[in-house]
Amino acid sequence: MYGLTGDPESWEQRLRELAPDLIEEIHERKQPSTGLPDLEVNGKAVLRFAPNPNGPATIGSVRGIVVNSEYARRYHGEFIIRFDDTDPKTKAPMLDAYTWYLDDCEYLGTVPDRVVYASDHLLEYYEYAKKLILMGKAYVCTCSRDEFKRYKDACEPCPHRDTDVDVNLKHWEQMLDGGYSEGDAVLRIKTDIKHKDPAMRDWAAFRIVLAPHPRPEIGDRFRVWPLLDFESAIKDHILGITHIIRGKDLMDSEQRQRYVYDYLGWQYPKTMHWGRMKIHEFGRFSTSAISEAISDGTYTGWDDPRVPTLRALRRRGITAAAIRKFMIDLGIAETDISLSLDNLYAINRKIVDPAANRYFFVWEPVRMEILGAPDVIATPKYHPGRDDLRKIPAGPTLYVCRTDIEGLEAGDKLRLKNLYDVEITSTEPLVARCIGGTHEAWCATCEKPRYQIIHWVPDEYVSVVVRAPDRMYEGVGETGIVDEQGNVVQFERFGFVRIDSVDTGRVVAYFAHR
RNA sequence: GCUCCGAUAGUGUAGCUCGGCCAAUCAUGCGGGGCUCUCAAUCCCGCGACUCGGGUUCAAAUCCCGGUCGGAGCACCA
């Protein structure tokens, strides 16, 4: 008998004698990894993202699109986008949002293999409802919400639970035919009325909604609509979904849906959930709250930089590659997270920096007269890593940032980047005199600049507005900016921006990050 | 009230299934330095964590029990 004492080395030595092949196994475990964990796949992987198109894709939806499509890609499977648009009233779909979702998917580099509209398949849901009624697993309930809640909380069946199948069927037909009006009847799935978790007890699968559906091809054709748990359960099976990966908020959904799967003899897909995601920069947000703020003019639209939608990130120049990496690096831990977009910005910066041209943008501009200004053309590089040069003719009048000259006094000296050195002679109004050190002179000597380097914009400028999530910057920029519409550029000493529009000498840029 | 999840540096994240090489990974952030005529990029160096209390064990981030904290569900929303 080997004793129970000893240090790890001696144990390993003993193991080496007894079972040398196990040593290797012990040593190869616990490799650090990041990103998405492997999936258990038997045959084909089919994944879906199922939004309610009652607004455009938010950062939360993006996680669903990226993670699911990434898995589909990894396992050469299928990625389906399914619009769960079965609520024409409380969270009614927005017609534009259907297109926006598809467009956003494309931006993220994943054209879905299939696009499915739940509202196209009501007859299919009815069919399964009937099947379950015939099996005695579903019943029409005409209790009011409050009444039913009382029965449910008391673990008691409501009076409709044991209705005969024939009668249930008749009531169901009446629901479909208009024999009941909105709020008068629902179809419930029979589970276990004594289930210890009240959330599981006889949940509602269909209700009557008289509001017309926003899709013109659907309109007012239907009055009985499935609720999420039923709609999703049926459709996931029909589509052959193998893995459901979504937020933790839908965890209980699985338990409810399993009743239906068991009744129908189906196998439930494998599931994974990620925890609640809260973003520092945006705080709590709901689609309906944003919608309201847009209507009342607080935000300019669904792509306002203050709004947590993908459309807004796109407008700011956050690349699809950065967003994908950001979401994938998050993995799918069930922990609730509260994160900052710093990480996303850092990823994006690395992607965008090599290609972003540099420009001077002066915010809160202050006019500066230069005494003895030589007539020169400044030639800063478009990019520090390349040799092509911008040409900025500088005269006796320049603009500099207020923040750069605040606190300065007559006699203080500054380096105007790529131009020359100046000495302040007066602050009100701002006047300075050129004291040499032109760019050519510097090139000859390569001396280090002696004074604080600031950037500037000449008298010939374009006015520039930068819309950032937290505020708006107004100022002037060098004229070359007008050729960059749609591009991400770096405003030196300011940050990366995407040039959104250029209208008659006025540029609007969206701030990405520093 | 009932039920279900979760807890690793400032923020994310790996490791937990199957206890040992974990004095705990990677990224971001922060601090210092090099380079640079941008406060960007880049390069070097550094900082910083296993929620608490018990238990099991030769050995616990990892297994068990309890507490605390955080989140979610109990809708005729998704």
Side-chain angles (χ1 to χ4, degrees), chain A residues 3-9 11-12 25-27 29-35 37 50-54 84-87 89-91 141 144-145 148-149 152-153 155 182-188 195-201 203-209 225 227-229 231-232 247-253 255-256 273 275-276 278 280 287-288 325-326 329-331 333-340 342-347 349-350 352-354 356 358 360 380-381 383-385 415-419 437 439 442 446-449 451 453-455 490-496 513-514:
Chain A
L4 292 174
T5 56
D7 52 286
E9 285 74 23
W11 277 100
E12 186 174 330
E25 189 185 320
I26 288 169
H27 283 257
R29 255 189 267 136
K30 295 198 174 180
Q31 286 309 304
S33 71
T34 44
N52 176 9
N54 65 334
D84 280 351
D85 55 350
T86 53
D87 173 17
K89 194 181 176 185
T90 316
K91 286 187 181 169
C141 170
S144 71
R145 298 178 201 223
F148 186 79
K149 184 171 165 46
K152 185 194 67 181
D153 288 346
C155 288
E182 199 167 291
D184 285 353
V186 296
L187 185 77
R188 292 189 183 282
H195 197 290
K196 62 174 181 170
D197 182 351
M200 297 302 143
R201 299 172 198 156
W203 47 274
F206 287 86
R207 85 302 207 182
I208 297 167
V209 183
W225 289 89
L227 285 142
L228 171 80
D229 283 329
E231 181 276 318
S232 183
K248 209 167 68 165
D249 49 322
L250 261 21
M251 229 170 193
D252 288 346
S253 213
Q255 297 310 320
R256 281 192 288 263
H273 301 92
R276 205 186 82 141
K278 198 166 93 186
H280 294 325
T287 307
S288 49
K325 180 168 166 44
F326 178 71
D329 285 353
L330 243 34
E334 283 181 19
T335 323
D336 301 314
I337 56 175
S338 173
L339 50 86
S340 142
D342 279 348
N343 229 295
L344 174 64
Y345 297 155
I347 298 167
R349 193 179 295 122
K350 286 188 179 73
V352 136
D353 179 75
R358 271 54 173 171
F360 289 157
K381 289 180 175 181
H383 189 283
R415 170 70 186 174
L416 296 176
K417 188 168 186 278
N418 296 285
L419 197 60
H439 201 65
W442 169 77
C446 273
E447 269 178 17
K448 286 203 171 229
Y451 316 119
I453 300 166
I454 67 166
H455 64 108
Q490 189 201 53
F491 285 165
E492 293 193 41
R493 303 211 302 140
F494 182 75
F496 292 89
H513 44 72
R514 290 197 60 82

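The figures here come from the full heavy-atom set of this structure, side chains too, leaving out hydrogens, waters and symmetry mates. Letters A, B, ... mirror the listed sequences (proteins, then strands); counts begin at 1. Note that the structure is a prediction, hence the values are computed from the model and not measured.
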Using the C1' atom in both, what is the distance from G54(B) to G12(B), to the nearest Å?
31 Å
Using the C1' atom in both, what is the distance from U56(B) to A60(B), to the nearest Å?
10 Å
From C-beta outward on [X], which listed nucleotide comes closest to its side chain: [options]?
X: Asp249(A); options: U28(B), A78(B), C4(B); answer: A78(B)
X: Asp197(A); options: A72(B), U13(B), U3(B); answer: U3(B)
X: His280(A); options: U28(B), U11(B), C77(B); answer: U11(B)

Can you tell me how far the CZ atom of Arg207(A) sits from the CD atom of Glu182(A), to the nearest 0.5 Å?
9.0 Å
Phe148(A) six-ring face occupied by Arg188(A) cation (under 6.0 Å, within 45°)
yes
Classify Phe496(A) by what it touches in the nucleic acid, base, sugar-phosphate, or nothing, heavy-atom distance under 4.0 Å.
sugar-phosphate
Between [N] ([atom2]) and [X] ([atom1]): distance, integer Å:
X: Ile347(A); N: A27(B); atom1: CD1; atom2: C1'; value: 8 Å
X: Asp84(A); N: C77(B); atom1: CG; atom2: C1'; value: 12 Å
X: Arg188(A); N: C76(B); atom1: CZ; atom2: P; value: 6 Å

If you compare every side-chain N and O of Arg276(A) against the phosphate oxygens of A72(B) (OP1, OP2), does one of them come in below 4.0 Å?
yes
For A78(B), does OP1 or OP2 lie under 4.0 Å from any side-chain N or O of Arg207(A)?
yes
If you take atom types as modelled and just measure distance, does the side chain of Arg415(A) reach the base of C37(B) with a donor-acceptor pair under 3.5 Å?
yes
Donor/acceptor link under 3.5 angstrom from Arg493(A) side chain onto base of A40(B)
no
